[in-house]
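Note sheet for the following structure.
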Protein chains: 2
Amino acid sequence: MGPTEHHSEEAILNAAQIVFLRRGFYGTRMQEIADEAGINKALLHYYFRSKDKIFEAIFLGSLKNFLPQILEILDSDEPFEKKINTFFSNYIGLLLKNPHIPNFIMHEVAHNPERLQSFFKKSFEAIPKKFLKQIKDEIDAGRIEKQDPRHILVSLLSLAIFPFAAKPILQFGLNLTDEEFKQFIIERKKYLPEFVMKSLRKK
Amino acid sequence: MGPTEHHSEEAILNAAQIVFLRRGFYGTRMQEIADEAGINKALLHYYFRSKDKIFEAIFLGSLKNFLPQILEILDSDEPFEKKINTFFSNYIGLLLKNPHIPNFIMHEVAHNPERLQSFFKKSFEAIPKKFLKQIKDEIDAGRIEKQDPRHILVSLLSLAIFPFAAKPILQFGLNLTDEEFKQFIIERKKYLPEFVMKSLRKK
DNA sequence: GTCTATATAGGGATAGAC
DNA sequence: GTCTATCCCTATATAGAC
């Protein structure tokens with residue numbers, strides 16, 4: 001077993017990641033994956049049995065890279081305000097490196113909810129329980145305003161993720177080049193923690 | 001409605017709207033549109049020349065229903081705080097009636113940006129200039145904290161739209177039934193204006 | 001206008017040589 | 001393991017009867 005044997009399989013996965021994120025499941029052609037990987041179409045079927053199998057690998061990989069990372073940050077032992085900072089900083093940083101992931105996941109999940117369920121069932125705990133508990137504790141301690149902790153959670157996710165999903169529309173609406181949009185997002189990474197904390201803090 | 005009437009064109013458009021939003025462009029089969037409309041597949045080509053033509057009609061219709069409505073609310077003459085209220089109330093209300101629109105638009109725009117451009121070019125002004133100016137005035141008057149108005153705009157959109165796009169994931173993560181999720185969104189309609197205003201107001 | 005039947009192409013998958 | 005050639009089904013689109 002030489003290292004060359006794994007080269008193709010890896011090339012296929014890399015290529016598939018690019019093409020599936022660019023075109024979605026139904027928009028993807030096996031030929032395009034093969035071209036992107038620099039190999040033959042038949043080889044795709046040699047390594048993976050079907051288009052569906054390749055997609056499964058990419059989709060689960062994407063979920064595994066993104067959902068648990070949120071949970072990890074949110075369920076860490078950091079103090080609340082520090083954690084809000086870490087969340088935006090790390091998560092937006094991660095998204096900057098993988099800007100197409102949100103649309104990809106949301107679209108495929110909307111069109112095929114079963115995939116999500118099987119992932120959740122075996123892979124990991126979906127609810128950031130410690131974080132929701134932490135918010136409750138902050139409220140009880142009188143440090144933040146009384147409110148449903150779930151709304152805070154959803155707001156954090158919305159503020160961080162939406163701009164990536166809506167990028168083309170926002171970019172057009174705000175009349176920004178690619179580089180300017182990236183700068184806008186980087187500014188946002190610094191802007192959001194204070195935006196959120198200012199709302200939550202009890203006066 | 002019977003296929004003998006000449007509601008056919010309308011029936012096709014209604015059916016296409018449902019199917020394209022459910023499956024996306026590539027996931028949609030002409031047969032499924034025909035079934036949904038209760039007519040024959042060949043009739044689709046009689047009224048519209050191709051799948052692409054039907055899609056174009058649906059996609060432009062969706063854009064026309066949703067983007068200008070945001071702009072209208074934001075560029076109205078309402079005072080700032082009242083407007084924030086109106087925005088969440090009206091727009092989330094609109095989305096509750098059309099929950100699949102955000103994902104549909106964002107996905108198709110990401111995969112085919114040219115469609116968006118031609119729409120913007122001829123149809124309407126994309127930037128809510130009056131709203132951005134209004135924020136600037138509020139800042140100058142010392143009523144809200146100094147900040148980039150564009151971040152406020154993007155935050156409003158994020159908070160209102162994201163939960164619809166991410167619905168299946170949030171629903172699973174928060175362990176909510178369809179009805180409970182809907183209630184959660186309705187609560188959010190009341191929750192968000194104060195969440196935002198509390199952050200913006202100058203202390 | 002609406003149908004049935006059919007042409008045509010495209011794309012996922014397999015066979016078999018090397 | 002990797003290629004070329006090919007199978008075969010599916011989906012868009014058209015032809016033609018009524």
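On a predicted model such as this, the values are computed, not experimentally measured, just so you know.
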Nucleotide of C:dC3, D:dC3, C:dG12 approaching B:Ile39 most closely (side-chain heavy atoms): C:dC3
Specify the separation, in whole Å, of atom CD of A:Glu32 and atom P of C:dG12. 10 Å
For A:Asp35 and A:Gln31, which I'm curious about, is there any donor-acceptor pair between the side chains at under 3.5 Å? yes
With no hydrogens and no angle check, just 3.5 Å: does a side-chain donor-acceptor pair link B:Asp178 and B:Gln171? yes
Give the rounded distance in Å between these two atoms: CZ of B:Arg23 and C1' of D:dA11. 15 Å
With a 4.0 Å cut-off, would you call A:Glu56 and A:Arg115 a salt bridge? yes
Consider only side-chain N and O atoms of A:Thr28 and A:Arg22, and report whether a donor and an acceptor are under 3.5 Å apart. no
Atom CG of B:Leu44 and atom P of C:dG1 are separated, to the nearest Å, by 15 Å
Whichever of A:Gln31 and B:Ala42 has its nearest DNA chain C nucleotide further upstream toward 5': B:Ala42
Please report the distance, rounded to the nearest Å, between CG in B:Leu43 and C1' in D:dA15. 15 Å
Nearest-Å distance for atom pair CG/C1', residues B:Asn40 and C:dT6: 13 Å
Check every atom of D:dT2, C:dG11, D:dA15 against the side chain of A:Arg29 and return the nucleotide holding the closest atom. C:dG11
Using atom OH of A:Tyr47 as one end and atom C1' of C:dA13 as the other, report the distance to the nearest whole Å. 18 Å
Between B:Lys198 and A:Glu145, is there a side-chain N and carboxylate O pair less than 4.0 Å apart? yes
Nearest-neighbour nucleotide for the A:Ser50 side chain, C:dT14, D:dA13, C:dA13 considered: C:dA13
Has A:Ser8 got a side-chain N or O lying under 4.0 Å from the OP1 or OP2 atom of D:dT2? yes
Closest to the side chain of B:Met30, out of C:dG12, D:dC3, D:dT12, is D:dT12
How long is the line joining NZ of B:Lys41 and P of D:dT14, in whole Å? 12 Å
Enter the inter-axis angle for the ends of the helix from C:dG1-D:dC18 to C:dC18-D:dG1 (five pairs per end, rounded to 10°). 10°
Between C:dA13 and A:His45, is there an OP1 or OP2 to side-chain N/O distance shorter than 4.0 Å? yes
Checking side-chain polar atoms at under 3.5 Å, does B:Gln147 have a donor or acceptor matched by the opposite partner on A:Tyr191? yes
Could you tell me whether B:Lys182 and B:Glu187 make a salt bridge, using a distance below 4.0 angstrom between a side-chain N and a carboxylate O? no
side-chain N/O B:Tyr46 vs C:dC3 OP1/OP2, d < 4.0 Å: no
In whole Å, I'd like the distance from the CD1 atom of B:Ile54 to the C1' atom of D:dT12. 11 Å
From the list D:dT14, D:dA13, C:dA15, which nucleotide is the closest neighbour of the side chain of B:Lys51? D:dA13
